[in-house]
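These notes are about the structure you will find just below.
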Amino acid sequence: MDDNVQNIVVLAHLSSLQKSVAFISSFTRRLGFDSRRLSEIELCVEEVLVNIFNYAYPGESGEVKISCRTGPEGTLTIEIMDSGIPFNILSSDDPDISLNIDERHIGGLGIYFVRQLMDRVEYRRENNKNILSLINNSAAVSRTVEK
Amino acid sequence: MEINKKKEKDVLVISVSGRIDAVTAPDFEKNLSESIAAGEKNFLIKMNQLEYISSAGLRSILSIAKVLKTKEGKMVFSELHGPVKDVFKISGFGSIFTIYDTEEDALKQF
């Protein structure tokens, strides 16, 4: 088996969260990222998955495939695929984070985190599947970039 | 996630440890709602042992804060660190809530 690619398929349900995050962590923690970056990656994966668990398969059950791979330059790509209703997280509006407690709306933050924290996010709809790629520069590159 | 509560005069000090994610956030919210129902109005959330929080946790915090506001209550935070501090910062929660470095500093504000 190719060590640079690993996949897992889970039920699109909140009960799969822990297993999915553990799968991601076991892949990413050997790539040299610092603990802060590892935590950010974990956060973004949770946000994407929970969104799928909650909204992709209304009234029915479904699956999510998560795939991790490293590219030639040490780039980490996490691909999250579901066969649920079409949804492109890149097309949603950012929440207004300057509002106070009364005005602040509940929601939209998870997707905002993903767009803010990942180096690159790509979405495509292919064969009736949503495919979201979270792309991160290698640990060596991210260390030199001040965020 | 684990929640410990103690009373300091009229402030309920809530120490939350571990992770507040989409799985545990509903328990966190329910726990605090029960304290509000029991008449508590002043909350200090101690986060020195909290390792991780996602948007689900922030959602719970915001919804509790909105309820407290209608009851003229108050919720402040202390000892944020690491990823939790970062998440508060990028979400803007660091600006809408008051955060103290120590429990002592926080308690003085009530």
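Atom set for the values below is all heavy atoms of this structure, side chains included, hydrogens, waters and symmetry mates excluded. We name chains A, B, ... by the order of the sequence lines, and we start the count at 1 in each one.
For A:Leu17, the part lying near chain B is the side chain, with the backbone staying farther off; criterion is any non-hydrogen pair under 4.5 Å. For B:Ile90, the parts lying near chain A are the backbone and the side chain together; criterion is any non-hydrogen pair under 4.5 Å. Neither the backbone nor the side chain of A:Leu49 has a heavy atom closer than 4.5 Å to any heavy atom of chain B.
Surrounding CZ of A:Arg120 are at most 12 heavy atoms belonging to other residues, nucleotides or ligands under 6.0 Å away.
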Using distance alone, with no hydrogens and no angle check, list the donor-acceptor pairs under 3.5 Å between chain A and chain B.
unit_1, atom_1, unit_2, atom_2, d
A:Arg36, NE, B:Asp86, OD2, 3.0
A:Arg36, NH2, B:Asp86, OD1, 3.3
A:Glu42, OE2, B:Arg19, NH1, 2.8
A:Glu42, OE2, B:Arg19, NH2, 2.8
A:Glu46, OE1, B:Tyr52, OH, 2.8
A:Glu46, OE2, B:Ala22, N, 2.9
A:Glu46, OE2, B:Ser54, OG, 2.5
A:Glu47, OE1, B:Ser55, OG, 2.6
A:Glu47, OE2, B:Ser55, N, 2.7
A:Glu47, OE2, B:Ser55, OG, 3.2
A:Ile101, O, B:Lys66, NZ, 3.0
A:Asp102, O, B:Lys66, NZ, 3.2
A:Asp102, OD2, B:Lys69, NZ, 3.1
A:Arg104, O, B:Lys66, NZ, 2.6
A:Arg104, NH1, B:Ser91, O, 3.1
A:Arg104, NH2, B:Ser91, O, 2.8

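A:Ile111 and A:Ile85 fall into different hydrophobic clusters, defined by Ile, Leu, Val, Met, Phe, Trp and Tyr side-chain heavy atoms under 4.5 Å apart, directly or through other members. A:Leu99 and A:Leu109 end up in different hydrophobic clusters when Ile, Leu, Val, Met, Phe, Trp and Tyr side chains are linked at under 4.5 Å. Residues A:Phe27 and A:Val45 share a single hydrophobic cluster, defined by chaining ILVMFWY side chains whose heavy atoms lie under 4.5 Å apart. Residues B:Phe28 and B:Ile99 share a single hydrophobic cluster, defined by chaining ILVMFWY side chains whose heavy atoms lie under 4.5 Å apart. Clustering ILVMFWY residues whenever any of their side-chain heavy atoms sit less than 4.5 angstrom apart, transitively, puts A:Tyr123 in the very cluster that holds A:Ile52.
Nearest heavy atoms, A:Leu43 versus B:Val87: CD2-CG2, 3.7 Å.
Chosen from B:Pro83, B:Ala56, B:Ala22, B:Ala65, the residue pairing most often with chain A at heavy-atom distances under 4.5 Å is B:Ala22.
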